Amino acid sequence: FGKIVNALVEAVLMPLIAAAVGSPNFDSFAVLTVNGNDVKFGVLLTALVNFLLIAAAVYFAIVMPMNKMVEARNRRLARLVADALGIEVFHLVIGASLGGHRAIEWGVTHPQRVRNLALVATGASTTADQLAWCHLQELAIVADPFFFDGDYYSHSVGPVRGLGLARALAHTTYRSAAELDERFGRRHQGEEDPAVGGRYQVESYLDYHAGKLLARFDANTYLIVTHSMMVHDVGTGRGGIEAALARVQARTLVVDVDSDRLFLPAQAEELAGGIPGARRETISSLHGHDGFLIEAEQMDTILRDFLAGA
């Protein structure tokens, strides 16, 4: 039941639907969204699953490679859902950022079942720079004194400060330095004075986004999602990235954002150069990685143009 609920709640294969409203033709196509473990509306369910896994590990005194278990499940989940629904071929598999990792896996693992593939602001493998940012986010959570080795569910307070810090670190990589300078500069937050304990506007901005995440996310889930990004390498077990990408048979669109400092243009170049016949488009934006969400008109135009030739 939990897998079915997760599968129907949140997007992994198609996380761009909200960003590109109007692009899919809902009169002609059905949209299937499949969740991994990165739950938004299903936080309570995921927290319960995490709690049961941790409790089982403690009870049986075993060390479980939980992140690898979840990643393997995520790789199979979309196929299981498609099989259960009788879907033999997808007209379009689309994914952005971490969702792009899942989309790449689908195109490589089941090339005959994907007619069109769109990879947005993503990469074939996680870079050292991305690993570094992910590692800092993990450290922020596990270093919180209220993390309790992940078994915080029975406590009145969980690792909220660590989770908030992890989110603030991540959000910084989602925006560009130029945008932060233009929006905030060195301006103070309201009447606050940074010289005597007050905040700059950019600090308040990050605090706000950290607080938003706390209301809808579980810390153990955050760790699992973060680690799933860290271990991503489409070439693992397939003879390397070049050999893996050569397996893709779908018409492929690769989209990057020119100001993205999380997924650099070189990663889009690797995808477009490695996937046979792939087409590459670039979104022009001041907003960094989040540009694929914010520049909805550009994203819409790119997707419409790509699908028009399908």
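Note that the structure is a prediction, hence the values are computed from the model and not measured.
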Arg161 NZ/CZ over Phe146 ring centroid, <6.0 Å and within 45° of normal: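 No, cation not above the ring by the 6.0 Å, 45° rule.
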Cation-pi, Tyr205 ring and Arg183 (6.0 angstrom, 45 degrees): yes
Within the structure provided, determine whether [X] and [Y] are in side-chain contact (heavy-atom separation under 4.5 Å).
{"X": "Val142", "Y": "Leu223", "value": "yes"}
{"X": "His101", "Y": "Met229", "value": "yes"}
{"X": "Pro265", "Y": "Arg280", "value": "yes"}
{"X": "His91", "Y": "Asn116", "value": "yes"}
{"X": "His227", "Y": "Met230", "value": "yes"}
{"X": "Leu163", "Y": "Leu213", "value": "yes"}
{"X": "Val248", "Y": "Pro111", "value": "no"}

Is there a side chain to side chain contact (heavy atoms under 4.5 Å, CB included) between Phe292 and Val255 once you walk through the steps? CA-CA 9 Å; Phe292 76 87; Val255 182; 5.9 Å; no
Classify the angle between the aromatic ring planes of Trp106 and His110 as parallel (below 30°), tilted (30 to 60°) or perpendicular (above 60°).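 Tilted.
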Please check if atom [atom1] in [X] has more than 12 non-hydrogen atoms from other residues, nucleotides or ligands closer than 6.0 Å.
{"X": "His155", "atom1": "NE2", "value": "yes"}
{"X": "Glu182", "atom1": "CD", "value": "no"}
{"X": "Arg187", "atom1": "CZ", "value": "yes"}

Give, for atom [atom1] of [X] and atom [atom2] of [Y], the distance between the pair rounded to the nearest 0.5 Å.
{"X": "Ser285", "Y": "Met299", "atom1": "OG", "atom2": "CE", "answer": "12.5 Å"}
{"X": "Glu295", "Y": "Ile302", "atom1": "CD", "atom2": "CD1", "answer": "10.0 Å"}
{"X": "Glu281", "Y": "Phe306", "atom1": "CD", "atom2": "CZ", "answer": "10.0 Å"}
{"X": "Glu192", "Y": "Arg199", "atom1": "CD", "atom2": "CZ", "answer": "4.5 Å"}
{"X": "Leu98", "Y": "Ser228", "atom1": "CG", "atom2": "OG", "answer": "4.5 Å"}
{"X": "Leu136", "Y": "Leu165", "atom1": "CG", "atom2": "CG", "answer": "9.0 Å"}

State plainly whether the residues Arg247 and Glu242 are in salt-bridge range, i.e. N to O under 4.0 Å. no
NZ/NE/NH1/NH2 to OD/OE distance under 4.0 Å, Arg238 and Asp233: no
Donor-acceptor check, side chain of [X] to backbone of [Y], threshold 3.5 angstrom: yes or no?
{"X": "Arg113", "Y": "Ile87", "answer": "yes"}
{"X": "Gln267", "Y": "Leu264", "answer": "yes"}
{"X": "Asp193", "Y": "Ala195", "answer": "yes"}
{"X": "Arg167", "Y": "Gly162", "answer": "no"}
{"X": "Asp290", "Y": "Leu293", "answer": "no"}
{"X": "Gln130", "Y": "Thr127", "answer": "yes"}
{"X": "Tyr200", "Y": "Phe184", "answer": "no"}
{"X": "Gln298", "Y": "Ser284", "answer": "yes"}
{"X": "His232", "Y": "Gly123", "answer": "yes"}
{"X": "Tyr174", "Y": "Leu262", "answer": "no"}

Are [X] and [Y] linked, directly or through other ILVMFWY residues, by side chains that come within less than 4.5 angstrom of each other?
{"X": "Leu206", "Y": "Leu214", "result": "no"}
{"X": "Val120", "Y": "Ile294", "result": "no"}
{"X": "Val157", "Y": "Ile141", "result": "yes"}
{"X": "Val89", "Y": "Leu92", "result": "no"}
{"X": "Ile241", "Y": "Leu117", "result": "yes"}

Check the pair Leu271 / Ile104 against side chain to side chain contact (heavy atoms under 4.5 Å, CB included), numbers first and verdict last. CA-CA 9 Å; Leu271 288 171; Ile104 294 169; 3.9 Å; yes
Any luck finding a side-chain donor-acceptor pair between [X] and [Y] under 3.5 Å?
{"X": "Asn220", "Y": "Tyr153", "result": "yes"}
{"X": "Tyr222", "Y": "Glu138", "result": "no"}
{"X": "Arg261", "Y": "Thr172", "result": "no"}
{"X": "His289", "Y": "Ser97", "result": "yes"}
{"X": "Thr282", "Y": "Asp256", "result": "yes"}

Leu119 and Ile275: CA distance, side-chain angles, deciding distance, side chain to side chain contact (heavy atoms under 4.5 Å, CB included) verdict: CA-CA 11 Å; Leu119 307 173; Ile275 297 174; 3.8 Å; yes
Taking all non-hydrogen atoms of both residues into account, name the closest pair between [X] and [Y] and its distance.
{"X": "Gly164", "Y": "Ala210", "value": "O-CB, 3.2 Å"}
{"X": "Ala121", "Y": "Asp260", "value": "CB-OD2, 3.9 Å"}
{"X": "Ala219", "Y": "Pro159", "value": "CB-CG, 3.6 Å"}
{"X": "Ala272", "Y": "Ala278", "value": "O-CB, 3.6 Å"}

Test side-chain hydrogen bond (donor to acceptor under 3.5 Å, both in side chains) applied to Ser259 and His287, step by step: CA-CA 7 Å; Ser259 58; His287 302 291; over 6 Å; no
Where do Thr122 and Val254 land on the side chain to side chain contact (heavy atoms under 4.5 Å, CB included) test, with the steps shown first? CA-CA 9 Å; Thr122 193; Val254 177; over 6 Å; no
